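We name chains A, B, ... by the order of the sequence lines, and we start the count at 1 in each one. Keep in mind it's a predicted model, so treat the numbers as computed, not measured.
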Number of protein chains: 2
Amino acid sequence: MVRTRRGESPLAILAGKYLNLNEDERELLGSLDNQPRRIARNSEVVREGRAADNLFVVQSGWLLSYTIMPDGRRQVLQVHLPGDIIGFCDMPLPSFTYELKSLTDCSLCMLTHGHIQDIFHKTPRLTGFLLSLMMVDQKTHTDRLRVLGRMNARDRVIHFLLSTLVRLRMIDQAEGNIFDFPMTQFDLADAVGLTNVSVSNALSSLQEQGALKRSTGKMQILDEAYMREAVSFINRFESIDISWFPYLPPAKDK
Amino acid sequence: MVRTRRGESPLAILAGKYLNLNEDERELLGSLDNQPRRIARNSEVVREGRAADNLFVVQSGWLLSYTIMPDGRRQVLQVHLPGDIIGFCDMPLPSFTYELKSLTDCSLCMLTHGHIQDIFHKTPRLTGFLLSLMMVDQKTHTDRLRVLGRMNARDRVIHFLLSTLVRLRMIDQAEGNIFDFPMTQFDLADAVGLTNVSVSNALSSLQEQGALKRSTGKMQILDEAYMREAVSFINRFESIDISWFPYLPPAKDK
DNA sequence: CGACGCGTTGAGTAGCCTCAACGACAGTGG
DNA sequence: CCACTGTCGTTGAGGCTACTCAACGCGTCG
């Protein structure tokens, strides 16, 4: 794994785990991170139906994308962490089809399609990297289908916590097994298709058996091995290979 | 919408709905369809863990990809119809992470990563098309998250039938509201996170109220408007715009 | 004809939901 | 500094939806 530079953006940290960026690439990636916009905690960033003519790169903070059901209930589609690119998959669509809300104070970079096209023009390695990220993203979505379709409350919560943990590790924002956790139990419930009551029960029970520990705004995974086993967890980020993309010289060196 | 040529492959039909293929593109797309391999009904095509060094284009027939839970239950991740590209998203991964089984007799074309790279080299328009398809695919996955997370049995079944219907229409394999439906109720149940019993109840109830009609191997949607309303259905294929991809001259003409 | 897969229906159960009350806590304003 | 307020998490009682288990009929295919 490539060492990360001090002050690097989360997306650059992520990229650095898969390829050695050269100067041009570093600069291009940096251009995505320009002029971040500050967003206050708990504010709506985009509303459903808005034209999907730009995307966001998360610099810092957590966000949720979700849809509202006719009866008012919510389904969280994705939790967005630093380094995430929001709206990539919406490029072929005329408008956003979900709501986007900040959980914490955030710093977001706004991109146009032009920025992405620029990358596609100039650097096949970064293109391959971005597309690979998107494909892995899709994999994590199918993993969630398995969770929502076939798992009980307890396992849903376990799976969610694990997948959050490994994502935070990718951007060096987990200290061992401890990480910031700004979601309410309502948020978590809407992410895994439960109610806050079931989430509360599941978390309490897991804490009681010593699998995890909560303190305000923090989460600690105490028995990661047990939890991985319980849900047959697969870390999709472990084994990404971006060399499938054409024009790529073998790029990864550890 | 471009008229479809007689005998065209389903993928070409699909492409034709979004762009006017020129000769080169038609040929390249055709090269994906070469030498289809025949697969008998109900056979395992790939098993989990196999190296993901090739992909499949479905020429004809239905397939399921699914995972098995530790307790033996199944979660169907995707139903694959003619024109689908299977394994696109697995390219950055070392191995398939699901099982693939044929529901009917199938005809499959096997591609290597090289075929895809070839397209990426030679024609930005087809590249944009393929990537757009993948992105739309991801959208349908998030739609399913909403279904599995927040819908009751009846609505799950409705949503599944509608999404199947619109996909079949895209490849000209639905006659109005009637289409071949080779899935068992077990298959359907595993696709929407239910049991065969619940599916049976839901289907019976829908038939009784006159929303649909079943005959062996066939399905007819009688009250599409009602069903769309019930699940707030969005047809993701209606409004794909592939012009976001760089190098694309404005390509779509109706 | 028998075997098997599939669909249907019923009875009983379990897990999660709904509703509700309450305590802890942070933020606000006096 | 302290009430006041609203959000969040917890816990309990009761209900409902979908599940489990089971039996049976039907059609298909050896």
Side-chain angles (χ1 to χ4, degrees), chain A residues 40-43 62 64 69 71-76 101-105 147-161 180-208 212-219, chain B residues 40-43 62 64 69 71-75 101-105 147-161 180-208 212-219 230:
Chain A
R41 179 169 164 274
N42 242 319
S43 41
W62 291 40
L64 293 185
M69 307 295 291
D71 62 6
R73 289 182 308 161
R74 215 173 39 148
Q75 175 64 46
V76 167
K101 205 189 81 175
S102 59
L103 281 180
T104 65
D105 291 343
V147 170
L148 295 188
R150 290 299 184 209
M151 281 191 192
N152 64 23
R154 183 194 175 77
D155 289 346
R156 292 184 192 210
V157 170
I158 291 178
H159 185 98
F160 182 88
L161 293 177
D180 284 334
F181 193 73
M183 295 175 75
T184 69
Q185 293 185 353
F186 288 89
D187 295 329
L188 209 171
D190 290 338
V192 297
L194 296 169
T195 59
N196 66 316
V197 178
S198 300
V199 167
S200 177
N201 289 333
L203 285 174
S204 302
S205 135
L206 285 169
Q207 175 151 347
E208 192 176 357
L212 59 81
K213 188 157 174 298
R214 292 168 291 167
S215 40
T216 43
K218 291 275 186 183
M219 184 69 71
Chain B
R41 178 171 164 273
N42 242 319
S43 40
W62 291 40
L64 293 185
M69 306 295 290
D71 61 7
R73 288 181 308 162
R74 213 171 45 146
Q75 175 64 45
K101 206 188 80 175
S102 59
L103 281 180
T104 66
D105 291 342
V147 171
L148 295 189
R150 291 298 184 211
M151 282 190 191
N152 63 23
R154 182 195 177 76
D155 290 346
R156 292 184 193 210
V157 169
I158 291 178
H159 185 96
F160 182 87
L161 293 177
D180 285 333
F181 193 72
M183 295 175 74
T184 69
Q185 293 185 354
F186 288 90
D187 295 330
L188 210 171
D190 290 338
V192 297
L194 297 169
T195 60
N196 65 316
V197 177
S198 301
V199 168
S200 176
N201 290 332
L203 285 174
S204 303
S205 137
L206 285 170
Q207 175 151 350
E208 190 176 356
L212 58 82
K213 188 156 175 299
R214 294 167 290 166
S215 38
T216 45
K218 291 274 186 185
M219 183 70 71

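Nearest-nucleotide positions on DNA chain D for Thr216(B) and Arg214(A) put Arg214(A) closer to the 5' end. Along DNA chain D, the nucleotide closest to Ser204(A) and the one closest to Gly193(B) are compared, and the more 5′ of them pairs with Ser204(A).
Using a 4.0 Å heavy-atom cutoff across all strands shown, Asn201(B) reaches at least one base atom of the nucleic acid. Residue Leu194(A) is classed as a sugar-phosphate contact, given heavy-atom separations below 4.0 Å to backbone atoms only. As judged by a 4.0 angstrom heavy-atom cut-off over every strand, Val197(A) is placed among the base-contacting residues. Within 4.0 Å (heavy atoms only), Arg154(B) reaches no atom of the nucleic acid at all. When heavy atoms are screened at a 4.0 angstrom cut-off, Gly217(A) is found touching no nucleic acid atom at all.
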CA sep, side-chain torsions, deciding dist, call: Asp190(A), Arg150(B), salt bridge (Lys or Arg N to Asp or Glu O under 4.0 Å):
CA-CA 9 Å; Asp190(A) 290 338; Arg150(B) 291 298 184 211; 2.6 Å; yes
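Side-chain N/O atoms of Thr195(A) include one lying less than 4.0 angstrom from OP1 or OP2 on dC17(C).
With hydrogens and angles disregarded, a donor-acceptor distance shorter than 3.5 Å links the side chain of Ser102(B) to the backbone of Asn42(B).
Residue Asn196(A) contributes atom CG, which lies 14 Å from atom P of dC16(C) at whole-angstrom precision. For the pair Arg41(A) CZ and dC8(D) P, the interatomic distance rounds to 8 Å; values are reported in whole Å. The interatomic distance linking Leu206(A) (CG) with dT10(D) (C1') rounds to 16 Å, in whole Å. Atom CG in Asn152(A) sits roughly 17 Å away from atom P in dA18(D) (whole-Å rounding). dC17(C) atom C1' lies 10 Å from atom CZ of Arg150(B), rounded to whole Å. We find that CG of Asn42(B) is positioned 16 Å from P of dC4(C), with the value rounded to whole Å. Summarising the geometry, the separation between CZ on Phe186(B) and P on dG7(C) is reported as 7 Å, rounded to the nearest angstrom. At whole-Å resolution of the value, CE in Met151(A) and P in dA18(D) are 21 Å apart.
Of the listed nucleotides (dC16(C), dC19(D), dG9(D)), dG9(D) has the atom at the smallest distance from the side chain of Ser200(A). Here the nucleotide nearest the side chain of Gln185(B), chosen from dT11(D), dC16(C), dG7(C), is dG7(C).
Using a 4.5 Å heavy-atom cutoff, the side chains of Met183(A) and Val76(A) are not in contact.
Between Arg74(A) and Asp187(A) a salt bridge is recorded (basic side-chain N to carboxylate O distance below 4.0 Å).
Put simply, CG on Asn201(B) and CD on Gln185(B) are 9.0 Å apart, with the number rounded to the nearest 0.5 Å.
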